[in-house]
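Here's the structure, in structure tokens; my notes come after.
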Protein chains: 2
Amino acid sequence: MARSSRLAVAEKREAVLDIAARLFRERGVEAVSVAEVMAAAGLTHGGFYGHFGSKEALAAEACTRAFGRNEARWTALAEDYADEGLAALLRSYLGPEHRDAPGAGCAAPSFAAEAARDAPEGGIRRAYAAGIRGLAGAIERLLPSSVRRRRRQRALLALSAMVGAVSIARAAGGDGISDEILQAVREELAG
Amino acid sequence: MARSSRLAVAEKREAVLDIAARLFRERGVEAVSVAEVMAAAGLTHGGFYGHFGSKEALAAEACTRAFGRNEARWTALAEDYADEGLAALLRSYLGPEHRDAPGAGCAAPSFAAEAARDAPEGGIRRAYAAGIRGLAGAIERLLPSSVRRRRRQRALLALSAMVGAVSIARAAGGDGISDEILQAVREELAG
DNA sequence: GGATATATATGATCACCATCATGGAATAAG
DNA sequence: CTTATTCCATGATGGTGATCATATATATCC
């Protein structure tokens, strides 16, 4: 109907991306329609292809954004609790709040299925791999300097266990084992 | 068109379940149509609702089946390599063959997204939780008796790391970090 | 062997969705 | 202030898919 100003256009695009990043993490890319994303941003579906080349392209960008926001939070957490090493991150990542709020949580568990089923050179897969590299590096930096050898391996173990624990805890939510897993992984990785 | 004998009916149902368990693990429940599952079993889509109440019910049964077959394989592996403890399982689970063949692989990474997004009392979620309990118990039994304390926690850490590593390795497949993660988690859990 | 029950094929239905086409209206440019 | 640009809303379009209805041929039962 009406044309928007340049600033408004850029803002809308950002809003669409943020909303897509949330909805895709909550319910998966396939279960969310383009029209729904646009509606949640206060638009109709028609203008979508002016902003993004395809739904797949949106998903790839949303994946990158979700990873980016996550890594930023990890870094902030590391600065706020510099003396704790991994502990602060483990508390936050393996807490029930994170398990129960996938829309605002880490992209690694949420986009894993989408990325795994993406094409070999697909955008989501690429975004995912880049995001994982970022998170792995962030954990490596958080490991105490007392961990000399196998620092990288330790970081990858921690990342895998964190992502796996949250994935399983979400999938088994409602069963007592969900909390048990979060707790166990937290204690084992901290110790 | 033609009616099948009782035995044939039971066999077809089993075949449909096995095929569904494979296709759902490979491509996710949403991406596989009922008609495709039936066609792969040599049937047409019409008879489906004579066997299963809904696609969702099929998915729940397929999930249970996939977990069951998996646990059986773990048990067999444990008997064949009784002296190795976890090592044999780690070799198999964290190998590239398992990463690259989700259709025949562990249900835990493949059904995680479906279960997490299932209803609070949904069938897939329930099947998933039961499956996880089974796998956790199997790992616990595999841990060497030298691990006295925190045996349960250790098992849950190992399970989480295994599932997380395969999930990430699949999602980042094509990037070098995929192999790196499998290798790192294997070494860390074994050591 | 005839009658009945039922598994399955064909085909319809209804809904959803990604993507494209068009037009109007406001904004940017001159 | 005029004019051209372009953002976006309305509305196809074409495809897909879950589920249901019906017909038919065959297995099971008596």
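In what follows, chains carry the letters A, B, and so on, assigned in the order in which the sequence lines appear, proteins first and then strands, with residues in each chain numbered from 1.
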Exercise. Base, sugar-phosphate, or nothing for A/V32, non-hydrogen atoms under 4.0 angstrom?
Worked result: sugar-phosphate
Exercise. So what does B/T44 touch, heavy atoms closer than 4.0 Å: a base, only the sugar-phosphate, or nothing?
Worked result: base
Exercise. Would one find a side-chain N or O of A/Y49 under 4.0 angstrom from OP1 or OP2 of C/dC20?
Worked result: no
Exercise. Reckon B/H45 has a side-chain N or O less than 4.0 Å from the OP1 or OP2 of C/dG11?
Worked result: no
For this session: Under the salt bridge (charged side-chain N to carboxylate O under 4.0 Å, His left out) rule, what do A/E84 and A/R91 come out as? Steps first, then yes or no, please.
Result: CA-CA 11 Å; A/E84 292 197 43; A/R91 267 203 310 277; 3.0 Å; yes
Starting at atom [atom1] of [X], determine the distance to atom [atom2] of [N], rounded to an integer number of angstrom.
X: B/F24; N: D/dG17; atom1: CZ; atom2: P; value: 12 Å
X: B/F48; N: C/dG11; atom1: CZ; atom2: C1'; value: 18 Å
X: B/K12; N: D/dT26; atom1: NZ; atom2: P; value: 14 Å
X: A/L58; N: C/dA18; atom1: CG; atom2: P; value: 10 Å
X: B/M38; N: D/dT16; atom1: CE; atom2: P; value: 20 Å
X: A/H51; N: D/dT6; atom1: NE2; atom2: C1'; value: 11 Å
X: A/L43; N: D/dC8; atom1: CG; atom2: P; value: 6 Å
X: A/F52; N: D/dC7; atom1: CZ; atom2: C1'; value: 14 Å

Exercise. Are A/V9 and A/M38 connected in a single hydrophobic cluster, I mean Ile/Leu/Val/Met/Phe/Trp/Tyr linked by side-chain heavy atoms less than 4.5 Å apart?
Worked result: no
Seminar exercise, completed: 5'-most contact on DNA chain C (nearest-nucleotide basis), B/G46 vs A/G47, goes to B/G46
Seminar exercise, completed: side chain to side chain contact (heavy atoms under 4.5 Å, CB included) test vs A/R99 passes for just one of A/L94, A/D179, A/I168, namely A/D179
Exercise. In chain order, what residues pass the salt bridge (Lys or Arg N to Asp or Glu O under 4.0 Å) check against B/E121, with sequence neighbours excluded?
Worked result: B/R126
For this session: Could you tell me which residues satisfy salt bridge (Lys or Arg N to Asp or Glu O under 4.0 Å) with B/E14, sequence neighbours excluded, listed by chain and number?
Result: B/R65
Quick one: which of [options] gets closest to the side chain of [X]?
X: B/V34; options: D/dA18, D/dC7, D/dA9; result: D/dA18
X: B/S33; options: C/dC17, C/dT19, D/dA18; result: D/dA18
X: A/K55; options: C/dT19, C/dT8, D/dC7; result: C/dT19

